[in-house]
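Input: a single structure, listed below in structure tokens.
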Protein chains: 2
Amino acid sequence: MQEDEVVTDVRSGAGRTPSRAVEQALVDAAERVLVRDGLGAVTVRAVATEAGVAPMGVYNRFGSKDGLIAAVLVRGFDGLRAAVTEDADPDPIARLLASGRNYRRFALAQPQHYGAMFGGRPLPTEGADELVAYAAAAFEALVDHVRHAMARGALREQDPTETAQLIWSSVHGAVSLELGGAVLTPDPAVTYESLLHLLVDGLRRPPP
Amino acid sequence: MQEDEVVTDVRSGAGRTPSRAVEQALVDAAERVLVRDGLGAVTVRAVATEAGVAPMGVYNRFGSKDGLIAAVLVRGFDGLRAAVTEDADPDPIARLLASGRNYRRFALAQPQHYGAMFGGRPLPTEGADELVAYAAAAFEALVDHVRHAMARGALREQDPTETAQLIWSSVHGAVSLELGGAVLTPDPAVTYESLLHLLVDGLRRPPP
DNA sequence: CAGAACAGTAGGACGACGTTATACAAGAGG
DNA sequence: CCTCTTGTATAACGTCGTCCTACTGTTCTG
């Protein structure tokens with residue numbers, strides 16, 4: 001934790017520290033436990049057992065339980081960014097709609113990840129910088145789509161961050177409520193689709 | 001827990017059980033601890049100490065820690081309903097906008113409550129019925145505003161629940177992200193105002 | 001090639017948590 | 001007056017996150 005230890009060379013994989021594999025195994029195990037048993041079941045002992053290492057390994061590698069969870073959430077944010085980025089339809093509006101649908105699909109497919117990413121209150125302090133960077137990258141992907149749409153004249157020109165924030169707020173709220181079982185309409189998918197169209201229609205460039 | 005014990009009469013307040021006061025004291029204490037130290041600090045022992053009773057009182061009165069927290073959240077949802085209901089401007093659109101602003105004001109004024117109401121994942125099982133009822137009442141207040149606006153011809157006619165769900169999703173998402181420090185625009189209040197207008201404009205009855 | 005220095009591991013221990021079991025005090029019914 | 005129910009208080013159990021101590025294997029120096 002003091003300062004970066006300069007590793008002179010990489011040693012072709014399993015050289016200096018044979019424990020980079022342990023690091024990977026711990027994150028894998030934590031992710032498995034998270035998906036299988038929920039965030040509450042992600043305990044240091046359970047993850048260490050699942051990974052086949054001693055509980056102390058968590059503290060050697062990640063500093064604390066929060067550091068380990070942060071490593072898992074980094075993967076989550078990266079997956080979210082990938083979901084938002086894929087299906088880059090050339091048509092700007094189609095691309096935005098696809099991003100919104102993929103956002104929801106990701107959240108419903110990885111509800112435990114999504115809940116831990118946005119529901120768990122105090123974001124882990126350990127490894128928070130990396131976490132924020134990955135979260136910002138996911139948001140930036142959305143901003144890029146907005147910029148693309150504005151450049152093509154498909155969305156009203158204004159600060160892209162402002163517009164992206166509006167979209168993210170609405171989309172996150174809808175997904176968050178749906179995961180919490182608080183969507184009271186008969187078909188959440190239909191309501192979500194209405195929301196997406198409400199957003200893009202409202203943000204469209206008004207006809208000349 | 002078996003079945004409803006029929007209390008023959010009310011006994012003018014402090015009759016049969018002198019512990020209704022203890023119940024009140026525990027909820028008050030839990031609320032104080034929640035506001036002062038956050039949800040994580042709401043432990044059975046801490047609340048009992050704050051209320052000046054033994055930890056067992058929590059289990060006698062509420063069955064579990066979750067039951068106690070549910071009692072606190074009932075107050076929270078009631079406050080949220082009150083916030084959404086107040087300022088019932090006769091103009092439907094003004095009323096909707098005021099509700100949205102009051103919703104955010106409530107969340108920012110009671111961030112710990114709001115976080116526990118929507119952020120804490122497994123909603124407490126104990127007293128869940130009452131909790132759901134109060135949450136539904138808050139949502140129903142919004143549905144009423146939407147119905148009022150539709151009846152006056154200010155909003156496009158469709159299922160009011162559907163429309164209210166759209167509004168709630170967006171508003172909750174914005175507030176939730178703001179409480180989590182994830183609003184990346186310079187002035188969250190301005191962005192929130194944009195969101196409110198985007199919603200009401202998009203839901204307005206199109207000109208004839 | 002031998003010994004020193006050291007990062008990483010293993011296991012147990014500490015305090016705090018939610019919860020439960022056991023023993024005790026106080027008011028209602030006969 | 002005795003009994004029985006009801007609620008309280010104390011102490012304990014198991015698990016959690018975290019830390020301390022002893023130990024092992026590797027890496028560098030001579």
Side-chain angles (χ1 to χ4, degrees), chain A residues 1-26 29-30 33-34 37-72 120 122 124-127, chain B residues 1-2 5-9 11-12 14-26 29-30 33-34 37-72 120 122 124-127:
Chain A
M1 212 60 67
Q2 326 265 27
E3 44 187 340
D4 301 56
E5 313 169 13
V6 178
V7 181
T8 47
D9 59 358
V10 184
R11 267 352 145 90
S12 74
R16 183 83 160 73
T17 84
S19 44
R20 192 56 58 93
V22 172
E23 201 167 313
Q24 186 89 359
L26 276 172
V33 174
L34 173 67
D37 305 320
L39 183 59
V42 180
T43 71
V44 172
R45 287 171 175 84
V47 172
T49 301
E50 176 91 17
V53 304
M56 262 309 275
V58 173
Y59 296 92
N60 293 328
R61 300 274 142 231
F62 301 96
S64 69
K65 178 194 173 186
D66 282 347
L68 171 61
I69 291 185
V72 176
T125 55
E126 206 83 20
Chain B
M1 212 63 67
Q2 325 265 28
E5 314 168 13
V6 178
V7 181
T8 48
D9 60 356
R11 271 347 148 92
S12 76
R16 185 83 161 70
T17 84
S19 44
R20 192 57 57 91
V22 172
E23 201 167 314
Q24 185 90 358
L26 276 172
V33 174
L34 173 67
D37 305 319
L39 183 59
V42 180
T43 71
V44 172
R45 288 171 174 82
V47 171
T49 301
E50 176 90 16
V53 305
M56 262 308 276
V58 172
Y59 296 92
N60 293 327
R61 301 273 140 231
F62 302 96
S64 71
K65 177 193 173 185
D66 282 347
L68 171 60
I69 291 184
V72 176
T125 55
E126 205 84 21

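As the structure is a prediction and not an experimental result, all values here were calculated from the model. Below, read A as the first sequence line, B as the second, and so on, with proteins coming before strands; counting in each chain starts at 1.
Atom-to-atom, CG of A/L26 to C1' of D/dG17 comes out at 15 Å; the value is rounded to the nearest Å. Atom CG in A/D37 sits roughly 12 Å away from atom P in D/dC16 (whole-Å rounding). Between A/E23 atom CD and C/dG8 atom P the separation is 10 Å, expressed in whole Å. Atom NZ in B/K65 sits about 12 Å away from atom C1' in D/dC16, given to the nearest Å. The CZ atom of B/F62 sits 14 Å away from the P atom of C/dT19 (whole-angstrom rounding). Rounding to whole angstrom units, OH of residue B/Y59 and P of D/dA9 are separated by 15 Å. As a whole-Å value, the separation of A/I69 CD1 from D/dG17 C1' is 11 Å.
Here the nucleotide nearest the side chain of A/N60, chosen from D/dT18, C/dG8, C/dT19, is C/dG8. The side chain of B/T43 approaches C/dG18 more closely than any other nucleotide in the set D/dG7, C/dG18, D/dT18. With D/dT8, D/dG17, C/dT19 as the choices, the nucleotide that has an atom nearest any side-chain atom of B/R61 turns out to be D/dT8.
At least one side-chain heavy atom of A/L39 sits under 4.5 Å from a side-chain heavy atom of A/I69.
A/V42 comes within 4.0 angstrom of sugar-phosphate atoms only, judged by non-hydrogen atoms across all strands, and of no base.
Residues passing the side chain to side chain contact (heavy atoms under 4.5 Å, CB included) test with A/V58 are A/L26, A/V44, A/L68, sequence neighbours excluded. Applying the side chain to side chain contact (heavy atoms under 4.5 Å, CB included) test to B/A41 and every residue at least two apart in sequence or in another chain returns B/V33, B/D37.
Looking at every heavy atom in both residues, B/Y59 comes nearest to B/K65 through CE2-N, 4.3 Å. Contact detail for A/A51 and A/A25: the closest heavy-atom pair is CB-O, 3.7 Å. Closest heavy-atom contact between B/V42 and B/A30: CG2-O, 4.3 Å.
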Quick one: which protein N/O atoms are closer than 3.5 Å to N/O atoms of nucleotides 10-14 of chain D? Pair and distance per line, please.
none

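Residue pairs satisfying the salt bridge (charged side-chain N to carboxylate O under 4.0 Å, His left out) criterion with at least one member in residues 38-52 of chain B, sequence neighbours excluded, are listed as follows: B/R32-B/E50, B/R36-B/E50.
Direction change of the helix axis from one end of the helix from C/dC1-D/dG30 to C/dG30-D/dC1 to the other is 10°, with five pairs defining each end axis (rounded to 10°).
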